[in-house]
Amino acid sequence: MKKRLEYLLQSAIDTLKAQGDLAADVKVDVMVERTHEVRHGDYATNLAMTLAKAARANPRQLAEKIIGALPGHPALVKTEIAGPGFINFFIDPKAQFRSVRQILEDGREFGLSEAGAGRSVMVEYVSANPTGPLHVGHGRGAAYGSAVANLLAAVGFKVHREYYVNDAGRQMDILAASVWLRYLEECGEVLPFPSNGYRGEYVRDIAQALLKQACSDYLHPAAKVMEGLPPDEPQGGDKEIHIDAVVARAKGLLGPEGYRCVFDAGLHSILDDIRKDLGEFGVEYQEWFSERSLAESKAVERALDTLRASGHLYEKDGAVWFASSQLGDEKDRVVVRENGQTTYFASDIAYHMDKLDRGFDQLINIWGADHHGYIPRVKAAIAALGGDPSKLDVLLVQFAVLFRGEEKVQMSTRSGEFVTLRQLRNEVGKDAARFFYALRKSDQHMDFDLRLATSKTNENPVYYVQYAHARICSVFRQLDEKGLPRDVVRGLNHLERLVEAHETALLTTLSRYPEVVESSALQHAPHHLVHYLRELAAELHAYYNAHQFLVEDAGLRDARLNLIAAVRQVLLNGLRLLDVSAPESM
RNA sequence: GCGCUUGUAGCUCAGUCGGAUAGAGCAUCGGCCUUCUAAGCCGAGGGUCGCAGGUUCGAGUCCUGCCAAGCGCGCCA
């Protein structure tokens with residue numbers, strides 16, 4: 001209906017232009033929106049006000065001309081000029097019944113659209129370093145990315161979900177060294193653990209598994225391991241220098257093959273865990289893309305060659321730099337270090353070249369907000385590679401600050417003191433976690449109160465929406481228990497009997513659902529959908545309390561049952577996009 | 001110091017492309033279970049939209065300055 005009105009208005013504008021009431025070259029952006037108040041009708045446009053200046057006319061007079069030129073439409077029963085020049089549209093209430101019919105007919109398909117027109121979009125999200133289990137910060141990115149991907153798919157985009165596995169680089173080396181040291185401890189060696197190593201209990205688990213599988217293949221005496229290492233921080237040294245030396249020692253003593261085995265033991269174990277964790281959280285990927293493979297396939301080299309050929313690289317201080325500052329970045333960035341190793345950024349350039357080569361129409365990266373400073377250099381890289389930087393949308397997710405009631409929960413990955421996503425799921429369940437994360441605008445700071453999310457009370461918003469669904473299911477169970485028949489067609493034929501205020505409110509809200517899905521998707525804002533679902537649930541609860549559904553009058557009863565069946569369907573469809581379950585009883 | 005983000009009710013947050021009297025949940029207070037699930041409903045109170053200017057028919061929304069908070073400013077990832 002909204003689009004229909006926009007079309008009608010556009011045609012009215014064309015008429016005015018033809019009549020000379022409006023200059024032909026005036027650019028017109030027709031906007032129709034839902035009204036906030038019943039007395040303003042169902043839809044409104046500010047068109048007359050926006051055009052008043054160009055038409056050199058009083059907005060209200062212009063509004064009259066627009067209405068005069070407006071083609072008729074059967075569902076449009078009244079137009080009105082209000083306030084400074086709004087045109088309000090009143091829709092025949094019967095037109096709202098169409099939604100119920102449509103919802104019951106379309107079922108799970110209701111709300112899907114073709115706004116994306118089959119354009120392909122890659123959504124890369126979570127992409128946490130496989131150096132330990134996912135924590136609650138990653139959970140927000142997972143819930144958000146997954147919902148955005150679902151929404152985009154629902155409005156007709158071809159969505160490819162991808163996880164970039166940072167299986168290369170210094171942090172992974174530190175993990176490998178940490179695994180090896182714990183392994184040596186399991187073998188009975190006594191040696192100090194680096195202050196900068198990964199201290200989590202999971203590292204011991206990996207070491208134990210490694211010992212079981214490889215026995216003493218990687219055993220070296222502690223004295224040999226520690227010999228000549230620079231001191232660690234507690235001994236007055238530098239923890240970074242120390243840990244790098246430990247890594248080098250591991251590589252030296254184990255040899256390339258042995259080191260790779262220890263390294264992979266850590267990588268595979270953690271990656272499997274992450275994969276399982278996300279799977280249980282309802283987060284799936286089409287591809288897990290390995291950073292290491294970019295180096296191994298020479299893709300990094302090729303990317304750098306491309307940049308060099310187009311004159312975007314230069315050498316300085318023994319390193320190779322990418323002149324990103326010429327393309328909007330703050331400063332130039334190193335891609336090959338003095339020691340000959342490529343940087344993480346070099347891999348990322350290759351990764352984005354690969355994404356471009358795969359031909360996606362649009363790229364979406366979902367990152368932690370602490371990486372925002374990284375955006376200009378990646379866009380610069382895309383431009384330098386000959387791509388279009390506007391194809392890339394980086395959506396930032398703020399880390400949630402965890403609370404237990406009033407108390408802030410401290411977290412640190414290195415020390416192993418953090419709340420994992422798995423712990424969160426075990427405590428509050430997948431549904432509450434998914435819903436809670438989706439509740440807030442993603443780039444906004446968020447207080448995540450574990451006590452609130454764990455509470456099984458009405459403070460917890462997810463139950464409110466689920467309860468609405470369960471209540472409707474319960475009504476249908478009651479219908480069966482009472483042995484009453486249900487006739488969907490009879491209900492459809494009696495829809496015009498739904499005249500109560502609660503009923504017309506629900507009809508309007510139901511008809512909004514496809515618009516909400518579309519705007520949530522295009523704005524990458526699942527929280528709009530969440531708020532809509534809460535509103536729909538609230539109206540259902542109010543209706544439930546105000547009116548009896550299982551009434552004697554079969555026509556009215558069936559009409560009401562059709563209405564709440566439609567509500568149930570929309571709740572289910574919306575919750576599915578968020579990967580939150582819709583229980584039939586609670 | 002520079003850059004990015006944020007500042008809305010006691011608390012947590014919505015507010016679409018600048019639109020009509022700024023909303024919701026929680027908390028507080030007062031009501032509603034003989035009736036399809038009270039994990040619910042009905043009602044009440046609660047606001048200098050950080051501050052000050054500007055743009056215009058109209059600003060929580062756009063611009064400038066200031067104040068405050070968070071993050072980022074590696075040959076880490």
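Chain naming here is simple, since letters A, B, ... match the order of the sequence lines and numbering starts at 1 in each. Computed from a prediction, not measured in an experiment: that's the story for all the values here.
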Would you measure the distance from the C1' atom in rG7(B) across to the matching atom in rU12(B) and give it in whole Å? 14 Å
What nucleic acid atoms does Ala546(A) come within less than 4.0 Å of, heavy atoms only: base, sugar-phosphate, or nothing? nothing
If you assign each of Asp370(A) and Phe549(A) to its closest nucleotide in RNA chain B, which residue comes earlier from the 5' end? Phe549(A)
So the stems of RNA chain B, runs of at least three Watson-Crick or G-U pairs (under 3.5 Å), are B:1-7 with B:67-73, B:10-13 with B:23-26, B:28-32 with B:40-44, B:50-54 with B:62-66
Side-chain donor/acceptor contact of His541(A) with base of rC41(B) under 3.5 Å: no
Is the NZ or CZ atom of Arg512(A) positioned over Tyr532(A)'s six-membered ring, under 6.0 angstrom from the centre and within 45° of the axis? no
Sugar-phosphate, base or nothing in reach of Asp317(A), heavy atoms under 4.0 Å: base
Taken to the nearest whole Å, CD/Glu33(A) to C1'/rU16(B) is 8 Å
Can you name the nearest heavy-atom pair linking Arg333(A) to Ser324(A), along with the distance? CG-OG, 3.5 Å
For a quick check, tell me whether the side chain of His36(A) and the base of rG23(B) share a donor-acceptor pair closer than 3.5 Å. no
Over how many whole Å does the gap from Tyr374(A) atom OH to rC76(B) atom P extend? 12 Å
Is rC33(B) syn or anti, taking syn as a glycosidic angle within 90° of 0? syn
Grab the CG-C1' distance between Leu536(A) and rA14(B) for me, whole Å please. 17 Å
If only side-chain N and O atoms of Lys331(A) are considered, is one of them under 4.0 Å from the OP1 or OP2 phosphate oxygen of rG74(B)? yes
Output yes when Asp329(A) and Lys379(A) qualify as a salt bridge under the 4.0 Å nitrogen-oxygen rule, no when they do not. no
What contact category does Ala542(A) fall into here, base, sugar-phosphate, or nothing, at under 4.0 angstrom with non-hydrogen atoms? sugar-phosphate
Distance-only donor-acceptor test, Arg34(A) side-chain atoms vs rU16(B) base atoms, 3.5 Å: no
To the nearest angstrom, the CD-P distance between Glu240(A) and rC75(B) comes to 14 Å
Looking at every strand, decide which applies to His469(A) at a 4.0 Å heavy-atom threshold: base, sugar-phosphate, or nothing. nothing
Would you say the side chains of His494(A) and Asp553(A) form a donor-acceptor pair under 3.5 Å? no
Just checking Ser474(A): base, sugar-phosphate only, or nothing, at a heavy-atom cut-off of under 4.0 Å? base
Does His372(A) stack onto the base of rG72(B), taking stacking as ring centres under 5.5 Å apart and planes under 30° apart? no
At under 4.0 Å between heavy atoms, what does Phe345(A) touch on the DNA or RNA strands: base, sugar-phosphate, or nothing? nothing
Not counting sequence neighbours, which residues clear side chain to side chain contact (heavy atoms under 4.5 Å, CB included) with Glu315(A)? List them please. Val320(A)
Any base atoms under 4.0 Å from Met446(A), or only sugar-phosphate, or nothing? Heavy atoms, all strands. sugar-phosphate
For Thr50(A) and Val475(A), find the nucleotide of RNA chain B closest to each by heavy atoms; which residue's nucleotide sits nearer the 5' end? Thr50(A)
Residue-phosphate contact under 4.0 Å: Lys441(A) side-chain N/O, rG15(B) OP1/OP2: yes
Can you say whether a donor on the side chain of Asn46(A) sits under 3.5 Å from an acceptor on the base of rG19(B), or the other way round? yes
Counting any heavy atom closer than 4.0 Å, what does Arg39(A) reach on the DNA or RNA strands: base, sugar-phosphate only, or nothing? base
Is there a donor in the side chain of Glu539(A) and an acceptor in the side chain of Thr509(A), or the other way round, less than 3.5 Å apart? yes
Decide, yes or no, whether a salt bridge links Glu80(A) with Arg39(A) under the criterion of side-chain N to carboxylate O below 4.0 Å. no
According to the interplanar angle, ranging from 0 to 90°, do the rings of Tyr374(A) and His371(A) count as parallel (below 30°), tilted (30 to 60°) or perpendicular (above 60°)? perpendicular
Under 4.0 Å: is that the gap between some side-chain N or O of Tyr464(A) and OP1 or OP2 of rC41(B)? yes
I'd like the C1' distance from rA9(B) over to rG23(B), given in whole Å. 10 Å
Heavy-atom closest contact (Leu313(A) atom, Phe322(A) atom, distance): CD2-CA, 3.7 Å
Arg471(A) side chain N/O closer than 4.0 Å to the phosphate oxygens (OP1, OP2) of rA38(B)? yes
Please report, rounded to the nearest Å, how far the C1' atom of rC75(B) is from the CG atom of Asp244(A). 12 Å
Aromatic ring pairing His547(A)/His502(A), orientation class (parallel under 30°, perpendicular over 60°, tilted between): perpendicular
Any base atoms under 4.0 Å from Ser585(A), or only sugar-phosphate, or nothing? Heavy atoms, all strands. base
Taking only side-chain N and O atoms of His527(A), does any of them lie within less than 4.0 angstrom of OP1 or OP2 on rG15(B)? yes
Just the rounded figure in Å: distance from P of rU16(B) to CD of Glu515(A). 16 Å
Does Gln444(A) reach a base, just sugar-phosphate, or nothing at all? Heavy atoms under 4.0 Å. sugar-phosphate
Is Arg337(A) close enough to rA77(B) that one of its side-chain N or O atoms is under 4.0 Å from OP1 or OP2 there? yes
For Ala470(A), answer base if it contacts any base atom (sugar-phosphate contacts may also be present), sugar-phosphate if it contacts only those atoms, and nothing otherwise; contact means non-hydrogen atoms under 4.0 Å. base
How is Arg333(A) classified with respect to the nucleic acid when contacts are heavy atoms under 4.0 Å: base, sugar-phosphate, or nothing? nothing
What does Ala468(A) touch in the nucleic acid at a heavy-atom separation under 4.0 angstrom: a base, only the sugar-phosphate, or nothing? nothing
